[in-house]
Amino acid sequence: MGWIKQIITTSIGKKSVMAVTGTGLIIFLFFHLVGNSMIFLGRDMFNAYAENLHRLDFAVKVFEIGLLILFLIHILFATLLFIENLGSRPQRYAVKKDTRRTWGSKTMPYTGATILVFLVVHLINFHFTDSNLTLSELVRSVLTQPYYAALYIICLLALALHISHGIWSLCQTLGINQPKYNKLLESGARSLSIAVGAVFILIPLLALFYSNFLL
């Protein structure tokens, strides 16, 4: 059981757990993006996608439990690393700022907290609801409300910023990075995060400004 102690008590162990769980969450995010992209093919296609998922009820529930465990582990170790970093830099305001750090790196704890709030709101709106509406009707009813659309856009921007550094960071932790390819990896991580954010954000924008959205 020594390896468990090493994971819990060392920074590299915690970062490794963050990298592995982060990889799993990013894979889920891409599948979720593909599923949500059915919305651009129209109401019928989007509802058919939702109905096909409902037919896999047991498998979906097992998947959701696994996803919840990934989220909880990721959040726990992110919190432990954040506390550890605070403790190791008691005079952080007196030192010179590291200009090499990206906005994604500097804001990770805050974008992470924003994503957590977003997940709670998203689950309340779309998962823990007794509505008899179809999924397309539910999406339209929520995202045509300006305050919800604005909240989703802000949180999805935070998500894009979070994964822009997250993808690059997990490459470093898992030893995928190489000096020869680091610039390419950084650019790839940034491009992927922009693409993911843009596709997700397009949904509330369409709901807000396109009157025939999902009609």
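- For the pair Glu64/His127, a side-chain contact is recorded, criterion being any heavy-atom separation below 4.5 Å from C-beta on.
- With values rounded to the nearest 0.5 angstrom, Thr134 atom OG1 is found 4.0 Å from Asn47 atom CG.
- Side-chain contact between Leu67 and Leu25 is present, with at least one heavy-atom pair separated by less than 4.5 Å.
- Side-chain atoms of Ile115 and His162, non-hydrogen and from C-beta on, do get closer than 4.5 Å to each other.
- With hydrophobic clusters built from ILVMFWY side chains whose heavy atoms lie under 4.5 angstrom apart, Val62 does not share a cluster with Phe71.
- Looking only at side-chain heavy atoms (C-beta outward), Ile39 and Leu206 stay at 4.5 Å or farther from each other.
- Atoms CE and CD1, from Met18 and Ile12 in turn, are 12.5 Å apart once rounded to the nearest 0.5 Å.
- Leu29 and Ile75 fall into different hydrophobic clusters, where Ile, Leu, Val, Met, Phe, Trp and Tyr are joined by side-chain heavy atoms under 4.5 Å apart, directly or via other members.
- Clustering ILVMFWY residues whenever any of their side-chain heavy atoms sit less than 4.5 angstrom apart, transitively, puts Leu170 in a cluster other than the one holding Ile27.
- Between Val142 and Tyr148, the shortest heavy-atom contact is O-CB, 3.5 Å.
- Thr173 contributes a side-chain N or O that, together with a main-chain N or O of Ser169, makes up a donor-acceptor pair within less than 3.5 Å.
- Closest heavy-atom contact between Thr144 and Ala207: CG2-O, 3.3 Å.
- Under the 4.5 Å side-chain heavy-atom criterion for grouping Ile, Leu, Val, Met, Phe, Trp and Tyr, Leu116 is not connected to Leu80 through any hydrophobic cluster.
- Using a 30° and 60° split on the angle between ring planes, Phe28 and Phe63 fall in the tilted class, from 30° to 60°.
- When side chains are defined from C-beta on, Val17 does not count as touching Lys14, because their heavy atoms never get closer than 4.5 Å.
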Exercise for the section: Might you work through the side-chain contact (heavy atoms from CB on, under 4.5 Å) test for Phe213 and Ile203, ending with a clear yes or no? Expected result: CA-CA 9 Å; Phe213 179 67; Ile203 296 172; 4.1 Å; yes

Which side-chain N or O atoms in residues 182-189 pair as donor and acceptor under 3.5 Å with protein atoms at least two apart or in another chain?
from: Asn182; atom 1: OD1; to: Gln178; atom 2: N; distance (Å): 3.2
from: Ser187; atom 1: OG; to: Lys183; atom 2: O; distance (Å): 3.0

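- Remark: Asp44 CG to Leu214 CG distance equals 10.0 Å, nearest 0.5 Å.
- In this structure, Leu53 and Val60 approach most closely via the heavy-atom pair O-CG2, 3.5 Å.
- Atom CD in Glu137 sits 7.5 Å away from atom CZ in Arg43 (nearest 0.5 Å).
- No single ILVMFWY cluster, assembled from side-chain heavy atoms under 4.5 Å apart, contains both Met108 and Leu157.
- Few gaps surround CZ on Phe30; more than 12 heavy atoms of other groups in view lie less than 6.0 Å from it.
- Within the 3.5 Å criterion, the main-chain N or O of Tyr110 finds no donor-acceptor partner in the side chain of Thr107.
- Annotation: Phe46 is not in aromatic contact with Phe40 [ring centroid separation under 6.0 Å not met].
- Taking each heavy atom of Leu81 and Ser11 in turn, the nearest pair found is CD2-O, 4.2 Å.
- Between Trp168 and Arg190 there is no side-chain heavy-atom pair separated by less than 4.5 Å.
- In this structure, the separation between CD1 on Ile26 and CD1 on Ile167 is 4.5 Å, given to the nearest 0.5 Å.
- Between the CG atom of Leu156 and the OG1 atom of Thr114 there is a distance of 11.5 Å, given to the nearest 0.5 Å.
- Using a 4.5 Å heavy-atom threshold, the side chains of Phe77 and Val20 count as separate.
- For the pair Ile73 and Thr21, the tightest heavy-atom approach, listed with the atom from each and the gap, is CG2-CG2, 3.7 Å.
- Nearest heavy atoms, Ala149 versus Pro204: O-CB, 4.1 Å.
- For the side chain to side chain contact (heavy atoms under 4.5 Å, CB included) test with Leu68, the passing option among Ile65, Leu70, Leu72 is Leu72; the others fail.
- Between His32 and Phe200, the ring-plane angle classifies as tilted under the 30° and 60° cut-offs.
- Between Val117 and Cys155, the closest side-chain pair of non-hydrogen atoms is not below 4.5 Å.
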